[in-house]
Amino acid sequence: MKFPSPLSLSWLSEFLDAKLVGNTGASATGINEIHKVEKGDLVFVDHPKYYQKCLQSDASFIIINQLVECPPHKALLIVDQPFEAYQKIVRHFRPFEGAVQSISPNAQIGKTSYLYPGVFIGNHVQIGERCMIHPHVTIMDHCVIGNDVVIQAGTVIGSDAFYYNTNKNRESWYKRMLSCGRVIIEDDVEIGAGCTIDRGVSGDTIIGRGSRLDNMIHIGHDTVLGKNCLLAAQVAIAGAVNIGNGVILWGQVGVSKTLTIGDNVTVLAQSGVGVTIEPGKVFFGSPAEDASIKKRELVWIKRIPELWQKVKDRSENSGL
Amino acid sequence: MKFPSPLSLSWLSEFLDAKLVGNTGASATGINEIHKVEKGDLVFVDHPKYYQKCLQSDASFIIINQLVECPPHKALLIVDQPFEAYQKIVRHFRPFEGAVQSISPNAQIGKTSYLYPGVFIGNHVQIGERCMIHPHVTIMDHCVIGNDVVIQAGTVIGSDAFYYNTNKNRESWYKRMLSCGRVIIEDDVEIGAGCTIDRGVSGDTIIGRGSRLDNMIHIGHDTVLGKNCLLAAQVAIAGAVNIGNGVILWGQVGVSKTLTIGDNVTVLAQSGVGVTIEPGKVFFGSPAEDASIKKRELVWIKRIPELWQKVKDRSENSGL
Amino acid sequence: MKFPSPLSLSWLSEFLDAKLVGNTGASATGINEIHKVEKGDLVFVDHPKYYQKCLQSDASFIIINQLVECPPHKALLIVDQPFEAYQKIVRHFRPFEGAVQSISPNAQIGKTSYLYPGVFIGNHVQIGERCMIHPHVTIMDHCVIGNDVVIQAGTVIGSDAFYYNTNKNRESWYKRMLSCGRVIIEDDVEIGAGCTIDRGVSGDTIIGRGSRLDNMIHIGHDTVLGKNCLLAAQVAIAGAVNIGNGVILWGQVGVSKTLTIGDNVTVLAQSGVGVTIEPGKVFFGSPAEDASIKKRELVWIKRIPELWQKVKDRSENSGL
């Protein structure tokens with residue numbers, strides 16, 4: 001999330017009751033979780049295991065729970081509970097607004113777009129021209145829908161990220177990290193019925209221009225889907241995945257988090273993708289591999305009885 | 001889709017600005033995509049690769065983008081853009097109607113049927129007697145629900161088909177083929193929560209009498225499910241599949257498009273069906289095969305280490 | 001289901017027109033299906049194959065279609081159609097109530113809980129404090145939601161069980177057993193968008209304190225999920241499963257009915273669980289096994305060609 005205007009670190013340190021170290025005169029332009037950080041961003045870290053990853057990331061300002069050496073030109077904001085500090089900032093800039101009616105009066109909806117009855121449109125939502133929004137669709141706050149977009153019945157755009165701060169020493173192990181990101185649906189996208197597309201934790205979940213989603217597809221937070229992709233029914237893509245252009249995922253495919261799938265990749269039905277895939281490849285299986293390798297393995301498995309027989313015959317013949 | 005009354009080819013050729021060749025005095029009784037064509041139907045084809053399939057199909061009248069030899073008693077309608085001509089006809093006979101309220105005043109709903117609050121019922125929908133329609137169900141235009149049908153919360157009946165005309169030379173690769181088909185739910189069917197059943201592209205998607213669907217099941221366009229079938233949660237069936245009577249699909253099964261599954265087939269959980277299945281068979285695996293073969297393979301896989309050891313031992317013993 | 005007050009067997013035998021045998025002076029305190037019976041419960045059985053299981057269960061009173069030897073201190077209620085007798089009792093104590101408005105006037109909703117527009121809340125529902133119920137959520141009659149619960153858009157709580165009395169000699173093979181159980185969501189639970197959680201047939205479906213469910217998760221009737229569990233998107237759990245505390249099920253995992261999964265088990269993505277799992281184990285595959293075994297098998301499969309070559313070489317060398 002970018003802030004409405006840059007925040008001086010002195011204001012931030014006071015707001016968070018934090019000790020400020022390093023480039024104390026600077027200003028933060030946004031806040032992000034570690035997978036999405038950019039120059040000018042705030043990020044938080046609360047476990048020494050991840051200190052170096054955060055300090056060396058593109059983030060300029062690190063909310064941290066210990067004094068460490070500050071990289072040049074960066075700044076540290078030292079607090080006891082970095083996660084709570086992060087939540088406090090998000091809550092300040094994205095306060096809970098609720099909904100006074102089904103279609104928020106501050107949503108901007110193109111005059112030529114058609115909304116069926118029973119649609120929910122949250123605050124600050126933008127919808128372009130010539131869109132068709134079917135019954136019982138939910139579009140939560142701050143999401144952006146382009147022009148010529150179709151969203152079929154019951155689909156949810158902008159549900160909160162499934163992204164937790166874990167600590168098994170608390171009674172409640174999993175604390176939800178507040179989502180301040182959005183969902184952006186580019187022009188000419190068609191989304192089927194019963195889909196769920198989570199907003200980014202701190203960045204944007206993006207569905208690229210011309211892509212087509214069948215029914216009951218789940219897209220995790222901060223995932224970026226390219227242009228002209230085709231996703232068949234019941235595909236599930238976890239969080240922070242980068243998918244190129246022209247990608248085809250057949251029915252019930254699953255994709256694990258933070259992976260990259262190159263342009264024009266095809267993944268065959270029911271496959272489970274746990275690795276990054278180079279452009280143009282065809283993948284299959286659970287776990288998924290190059291489809292030609294996987295299909296050959298299926299043939300080899302069928303030859304085991306023959307192999308067993310060969311070994312047995314020869315044992316008998318050779319008297320072993 | 002059948003037309004309200006037969007259309008003379010002369011009217012059609014004028015409507016489409018088409019050159020008419022062959023049995024020019026005939027009338028078309030309906031329009032269908034290639035998987036569903038019947039005698040009297042219009043069909044379209046725009047790629048020489050599929051010319052013969054279309055010309056030799058049951059369709060009587062072919063919208064085509066080139067002059068070819070016309071089979072006896074048939075007629076050709078020659079246009080530059082057969083796909084656009086098809087869309088123009090569908091749009092003419094199924095114009096967008098929208099919805100003035102949640103329950104269309106022209107829907108016919110049996111007096112003894114119960115609709116919970118928050119239901120959407122589209123135009124020209126028919127619902128029989130003693131049905132129970134739970135909250136947030138969506139039933140789109142022209143769908144037909146029999147008697148004694150239960151549809152649980154959030155389910156969508158009659159979403160548009162996921163069926164596209166593909167051309168990677170356009171900026172937008174996938175153009176949706178307009179759906180003019182329906183969903184027909186026969187008597188005594190029970191459908192769980194959160195399901196999506198797509199309408200036929202040009203024919204009907206049918207759920208046979210006495211069938212039971214668990215939650216989150218997806219049924220693709222033009223698929224015909226027989227009587228007394230049992231589908232467990234998260235099953236997904238692609239488009240134009242023919243499924244017999246008494247079929248059982250356990251949880252998370254996927255079925256690929258245009259296949260046939262015979263009467264009384266059982267498919268075990270999470271299987272992926274990519275081939276036609278003979279009546280009475282039990283199938284398992286992804287890709288699915290006869291379950292007895294597939295289960296034996298799982299046993300054989302477990303014997304590979306023993307086989308490896310045998311070969312190794314014998315190599316050592318024989319000094320090779 | 002517990003009855004509002006104990007029912008004398010004499011009243012019951014008259015209500016059901018049943019012949020009463022055994023401990024005829026007793027009173028029944030509840031009714032349950034066989035997987036959930038407790039002392040004081042009524043249960044029914046209509047097939048000799050299951051007579052002994054029912055008679056020896058914890059149930060005190062058995063509705064049965066034949067005179068058999070009655071265990072000490074128990075009683076039999078003999079009727080022609082035990083299933084219909086069971087349905088009659090359920091219908092009497094849980095009559096169909098319908099809904100006069102979207103939020104039932106007799107629902108008890110904590111003052112600090114927030115309901116978005118477009119929510120359906122059934123009769124006798126209880127919702128605690130500080131809950132957040134997103135748009136288009138459906139909560140059916142009698143369900144109980146604790147404090148600090150989040151339920152995201154489109155989720156259905158309390159859909160009816162997918163649980164049928166089967167008889168292939170009837171025209172309609174599958175008769176739904178009426179659900180009289182509830183869904184209980186304990187405190188501090190977060191449920192994603194587009195989930196479906198079925199009520200118990202006769203017991204309660206329970207989601208344990210602190211658990212987190214991602215989007216599009218299906219939970220079957222009478223399943224009990226422990227505390228601090230984490231379920232990723234598109235997981236499906238069948239009916240009457242017992243899941244311990246701290247269990248993690250990754251994306252698209254399926255769990256078969258009536259199994260037990262121990263505390264702190266992890267099941268990897270897309271696995272299909274068909275067996276009970278001991279506490280602390282990591283499982284993988286379809287069908288799922290100990291992940292270390294399953295992963296080794298994947299390596300062994302890749303060695304089949306090498307094994308084949310070894311055997312072939314040796315055959316040639318030994319002249320066989």
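Order of the sequence lines fixes the chain letters, A, B, ..., with proteins taken first and strands second; residue numbering starts at 1 for each chain.
- Per-residue counts of heavy-atom pairs under 4.5 Å with chain B were compared for C/Val100, C/Asp160, C/Ile301; the largest is that of C/Asp160.
- With a 4.5 angstrom heavy-atom cutoff, B/Leu213 touches chain C only via backbone atoms.
- Salt-bridge check for C/Glu289 with B/Lys302: passed, with a basic side-chain N closer than 4.0 Å to an acidic carboxylate O.
- For C/Val253, the part lying under 4.5 angstrom from a heavy atom of chain B is the backbone only.
- Once rounded to the nearest 0.5 Å, the distance linking CD1 of B/Ile139 with CD1 of B/Ile157 reads 6.0 Å.
- Side chain of C/Ser104 to main chain of C/Asn106: a donor-acceptor pair is present (N/O by atom type, distance under 3.5 Å, no hydrogens or angles).
- Counting heavy-atom pairs closer than 4.5 Å to chain B, the top residue among C/Asp198, C/Thr155, C/Val156, C/Thr138 is C/Thr138.
- Remark: B/Lys227 is not positioned above the aromatic ring of C/Trp173, lacking an NZ or CZ atom under 6.0 angstrom from the ring centre and at most 45 degrees off the axis.
- When each of C/Gly118, C/Ala238, C/Gly154 is checked for heavy-atom pairs under 4.5 Å with chain B, C/Gly118 comes out on top.
- For the set B/Asp187, B/Leu298, B/Val150, B/Asn228, the count of heavy-atom pairs under 4.5 angstrom toward chain C peaks at B/Asn228.
- For C/Gln234, the parts lying near chain B are the backbone and the side chain together; criterion is any non-hydrogen pair under 4.5 Å.
- There is a side-chain donor-acceptor pair under 3.5 Å between C/Arg170 and C/Asn165.
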Task: Test side-chain hydrogen bond (donor to acceptor under 3.5 Å, both in side chains) applied to B/Glu190 and C/Tyr164, step by step - done: CA-CA 11 Å; B/Glu190 298 185 13; C/Tyr164 290 96; 2.9 Å; yes
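- Of the residues considered (C/Val311, C/Val235, C/Ile293), C/Val235 shows the highest number of contacts with chain B, using heavy-atom pairs under 4.5 Å.
- Counting heavy-atom pairs under 4.5 Å between each of B/Gly210, B/Ala193, B/Gly246, B/Ser271 and chain C puts B/Ala193 at the top.
- The existence of a salt bridge linking C/Lys294 and C/Glu297 is confirmed by a sub-4.0 Å separation between a basic side-chain nitrogen and an acidic carboxylate oxygen.
- In this structure, B/Asp204 pairs ionically with B/Arg182, as a charged nitrogen and a carboxylate oxygen lie closer than 4.0 Å.
- There is no contact between C/Ile237 and chain B, counting heavy-atom distances below 4.5 Å.
- Residue with the most contacts toward chain B among C/Arg303, C/Lys168, C/Gln101, C/Glu306: C/Arg303 (heavy-atom pairs, distance under 4.5 Å).
- No part of B/Leu115 comes within reach of chain C, as not one of its non-hydrogen atoms sits under 4.5 angstrom from that chain.
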